[in-house]
Amino acid sequence: MADQHLSAFDDVLASSSLLDTAVALLGMRVRTLFVGALTEVAITEVEAYDGPNDPASHAYNGQTVRNATMFGPPGCLYVYRSYGIHWCMNITVGATGDPAAVLLRGAVPVAGVETITRRRGRVDHLTDGPGKLTQALGVDGSHDGSSVVDGPVRLFEATHEITSIETTPRIGISKATDRPWRFVAELRS
DNA sequence: ACGAGGATGCTCT
DNA sequence: GAGCATCCTCGTC
């Protein structure tokens, strides 16, 4: 198919379900270009959150000021502050009015490792957690609601082959802990 | 490798 | 005022 006019995210949205969409994000790249510093990672770990059908979702109890982005169109960043200190980023995947989203929890650095190590203040464990990932990419609350197609934080097609995918319950939540909605990919280097 | 504990601020009850 | 979709450090093993 010569869908060259379609963005990488349009292909992801063609997945038939939230969980398929979450899996489809594995291996894709997230790129930022701030003050001349390009950083890019390949996604290795995601979690699905299913809005009103999911007690663990920030949108379970309806729309609020914080979660408003999730009720907007798909393909936008939902960025929230976690534990008062860290920023975490989701990609909205539900149609407008459907607050389904996928949390980006882990990745491997692809480009701009020097910038990433400077932002992280260390040389190891650069992007192996949701707060670490946002810090590595320079993402914060000012990016909440921006488009992953047109905006400052953009999604690109996968360039790394996935060799395996592990499915587990989600991390760090206290409700709906039994749902196996976390997906961890091994990428061929 | 793994676990405990503290830091920290915002959201919603 | 409680509860976090977390991370880091420092202690043990």
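Quantities reported herein were computed from a predicted structural model and do not represent experimental measurements.
Between A:Ser146 and A:Leu77, the closest side-chain pair of non-hydrogen atoms falls below 4.5 Å. Counting heavy atoms from C-beta on, the side chains of A:Ile165 and A:Val184 never come closer than 4.5 Å. By the 4.5 Å heavy-atom criterion applied to side chains, A:Leu26 and A:Thr44 are not counted as neighbours. You'll find the side chain of A:Val79 stays beyond 4.5 Å of the side chain of A:Asp140, heavy atoms only. At a threshold of 4.5 Å between non-hydrogen side-chain atoms, the residues A:Tyr80 and A:Asn90 count as touching. Counting heavy atoms from C-beta on, the side chains of A:His86 and A:Pro130 never come closer than 4.5 Å. When side chains are defined from C-beta on, A:Ile43 does not count as touching A:Leu133, because their heavy atoms never get closer than 4.5 Å. Side chains of A:Val102 and A:Tyr49 form no contact here, defined as non-hydrogen atoms less than 4.5 Å apart.
Mapping heavy-atom proximity under 4.0 Å, the span of DNA chain C touched by chain A runs 5' to 3' from C:dC4 to C:dT9. On the nucleic acid side, DNA chain B contacts chain A at distances under 4.0 Å to non-hydrogen atoms, with the end points of that region at B:dA7 to B:dC12.
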**Asked** Can you check side chain to side chain donor-acceptor pair (under 3.5 Å) on A:Gln135 and A:Arg119, steps first, answer last?
**Response** CA-CA 6 Å; A:Gln135 185 180 37; A:Arg119 287 180 181 147; over 6 Å; no
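Base pairing in DNA chain B gives the following stems of 3 or more Watson-Crick or G-U pairs, range against range and under 3.5 Å: B:1-7 with C:6-12, B:9-12 with C:1-4.
Proximity of a side-chain donor or acceptor of A:Asp178 to a complementary backbone N or O of A:Pro169 within less than 3.5 Å is not detected.
Toward the 5' end of DNA chain C, the nearer of the two residues A:Gln135 and A:Ile173, judged by each one's closest nucleotide, is A:Ile173.
No contact: A:Arg182 has no heavy atom under 4.0 Å from any strand. Among the atoms of the strands shown, base atoms are found under 4.0 Å from some heavy atom of A:Asn90. Counting any heavy atom pair closer than 4.0 Å across all strands shown, A:Arg170 reaches no nucleic acid atom. Nucleic acid contact for A:His58: base, since at least one base atom lies under 4.0 Å from a heavy atom of the residue.
Residue A:Val139 is tested with A:Thr134, A:Thr39, A:Leu104, A:Asp144 for a side-chain contact (heavy atoms from CB on, under 4.5 Å); the sole match is A:Thr134.
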